[in-house]
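To keep things clear, I will list the structure first and then write my remarks on it.
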Amino acid sequence: MSIAEIKTRILKAEELAGRPTGSTQLIAVSKVQPNARIQAVLEQGHRLFGENKVQEAQGKWPAFKEQFADVQVHLIGPLQTNKVKTAVALFDAIHTVDRPKLAKKLAAEIQAQGKSPDMFIQVNTGEEPQKAGVLPMDADAFIQECRTLDLPIAGLMVIPPVDEEASLHFALLRKIAERNGLTGLSMGMSSDFERAVALGATHVRVGSAIFGERDYN
Ligand SMILES: *Cc1c(COP(=O)(O)O)cnc(C)c1O
């Protein structure tokens, strides 16, 4: 599907939900995709991208940024504390803040670099043991802890369990955000971004629907 079609579907979903036009940002998730496909999407005028590995992003985005000055790249995958420095320098937003040690490092690095990417806290709404994110019952305390650390939080992020109705998880994420006075909601992927827009997503992360299937070989 072309990125233009995805944007049309987002606009339609915003309209159906009675939301302001353009209130959802489309993050084109370019992880693992060949540079030629990314280049094509850049040439169609899109400027906001998502990557899930620091090293992979560092390998390709500096060159694209030289070519397209207003490009923004968001980190949507797990962040190790030893890569915080690189991540703060490279990304415009980090969607995966999920533990105190990481929050502390990020707060210190933001001070050191004088650069403040938007921070999202990842919530493991499905309470899946293999998945990153704070548990829903720990979310309020962790949000508060980040605020105490002077780490500005833009919103919350979720990756719902694959075998469950995503809307339930989107609704839970929104509820946690609302009771904590947070407005950013990073939720929705290729298979469910319209449902996420209906439930208030401010950022949808769409990969394969734009670029085609990822070839990991
Ligand atoms: C890969 C990825 C996406 C995009 O998934 P698609 O199903 O290809 O749209 C979204 N969010 C995260 C966190 C991802 O890692």
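Indexing begins at 1, ligand by ligand and atom by atom, following the structure's order. Small disclaimer: the values here were computed from a predicted structure and weren't measured.
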heavy-atom search around atom 14 (C) of ligand 1 in the protein gives Lys31 NZ, 3.0 Å
Backbone of Ile159 reached by a side-chain donor or acceptor of Lys131 within 3.5 Å:
yes
Under a 4.5 Å side-chain heavy-atom rule over Ile, Leu, Val, Met, Phe, Trp and Tyr, are Phe120 and Ile153 clustered together?
no
Honestly curious: do Leu26 and Val197 fall in one hydrophobic cluster under the side-chain, below-4.5 Å linking rule?
yes
What protein heavy atom sits nearest atom 6 (P) of ligand 1, and how far off is it?
Ser190 OG, 3.4 Å
Subset of ligand 1 atoms that lie under 4.0 Å from at least one heavy atom of Arg205
4 (C), 9 (O), 10 (C), 11 (N), 12 (C), 13 (C)
Under-4.0 Å heavy-atom contact with ligand 1, by part of Arg214 that carries it:
side chain
Applying the side-chain contact (heavy atoms from CB on, under 4.5 Å) test to Ile76, which of His203, Lys53, Glu51, His95 qualifies?
His95
In terms of residue, atom name and distance, what is the protein heavy atom nearest to atom 13 (C) of ligand 1?
Ile76 O, 3.4 Å
Give the numbers and elements of all ligand 1 atoms closer than 4.0 Å to a heavy atom of Val206.
9 (O)
Identity and separation of the nearest protein heavy atom to atom 10 (C) of ligand 1
Met189 SD, 3.2 Å
Kindly say whether Lys31 contributes a backbone atom to a donor-acceptor pair with the side chain of Glu56 at under 3.5 angstrom?
no
Donor-acceptor contact below 3.5 Å, side chain Lys104 vs main chain Leu149
no
Element-labelled atoms of ligand 1 that are located less than 4.0 Å from some non-hydrogen atom of Gly207:
4 (C), 6 (P), 8 (O), 9 (O)
